[in-house]
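I have placed the structure first, in the form of structure tokens, so that the comments after it can refer back to it.
Scope of the values below: all heavy atoms of this structure, side chains included, with no hydrogens, waters or symmetry mates. Counting begins at 1 with the first residue of the sequence.
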Amino acid sequence: MLKWFSISGISKEAKRVRWPKVADLTYSTVEALIFMGFFMVFFVIFEFIVTLFLRLIGIGA
């Protein structure tokens, strides 16, 4: 059996992991929420424009 594929090897590897600090995690979370919010607004506006265009040419309801 491989040495790293054991309980002691896994626990050693878990101790070597560089876990993110709370400030880094908060920054990344806020950045992701802003990014998602921007694209949410973008797609809502884009869908509104496409719907308006389709109504103007007589396809939409």
Side-chain angles (χ1 to χ4, degrees):
M1 187 160 151
L2 298 171
K3 185 173 181 168
W4 61 269
F5 197 67
S6 64
I7 299 296
S8 63
I10 292 171
S11 64
K12 247 190 228 182
E13 191 65 32
K15 289 176 185 174
R16 286 189 223 162
V17 172
R18 183 188 165 271
W19 299 103
K21 297 191 177 3
V22 174
D24 295 335
L25 198 58
T26 304
Y27 179 78
S28 296
T29 303
V30 170
E31 191 175 60
L33 290 174
I34 290 171
F35 188 75
M36 287 188 310
F38 170 76
F39 275 101
M40 179 185 67
V41 170
F42 171 77
F43 283 117
V44 167
I45 291 172
F46 185 75
E47 184 178 353
F48 177 74
I49 291 171
V50 169
T51 304
L52 185 64
F53 176 72
L54 290 175
R55 283 185 183 170
L56 283 175
I57 62 173
I59 295 176

Quick one: pull up CD in Glu47 and CG in Leu52 and give me the separation to the nearest 0.5 Å. 12.5 Å

Taking a hydrophobic cluster as the set of Ile, Leu, Val, Met, Phe, Trp and Tyr residues connected by side-chain heavy atoms closer than 4.5 Å, whether directly or through intermediates, do Val50 and Ile57 fall within one such cluster? yes

Applying side chain to side chain contact (heavy atoms under 4.5 Å, CB included) between Val22 and each of Thr26, Leu25, Asp24, report the one that passes. Thr26

Between Phe38 and Phe42, what is the ring plane arrangement, given parallel below 30°, perpendicular above 60°, and tilted in between? parallel

Using the rule that Ile, Leu, Val, Met, Phe, Trp and Tyr join whenever any side-chain heavy atoms are under 4.5 Å apart, tell me whether Ile49 and Val41 fall into a single cluster. yes

So does Ser8 get a backbone contact from the side chain of Ser11, meaning a donor-acceptor N/O pair under 3.5 Å? yes

Atom pair OG1 (Thr29) and CD1 (Ile34), whose distance is rounded to the nearest 0.5 Å: 11.0 Å

Same apolar cluster: Phe53 and Phe46, side chain cutoff 4.5 Å: yes

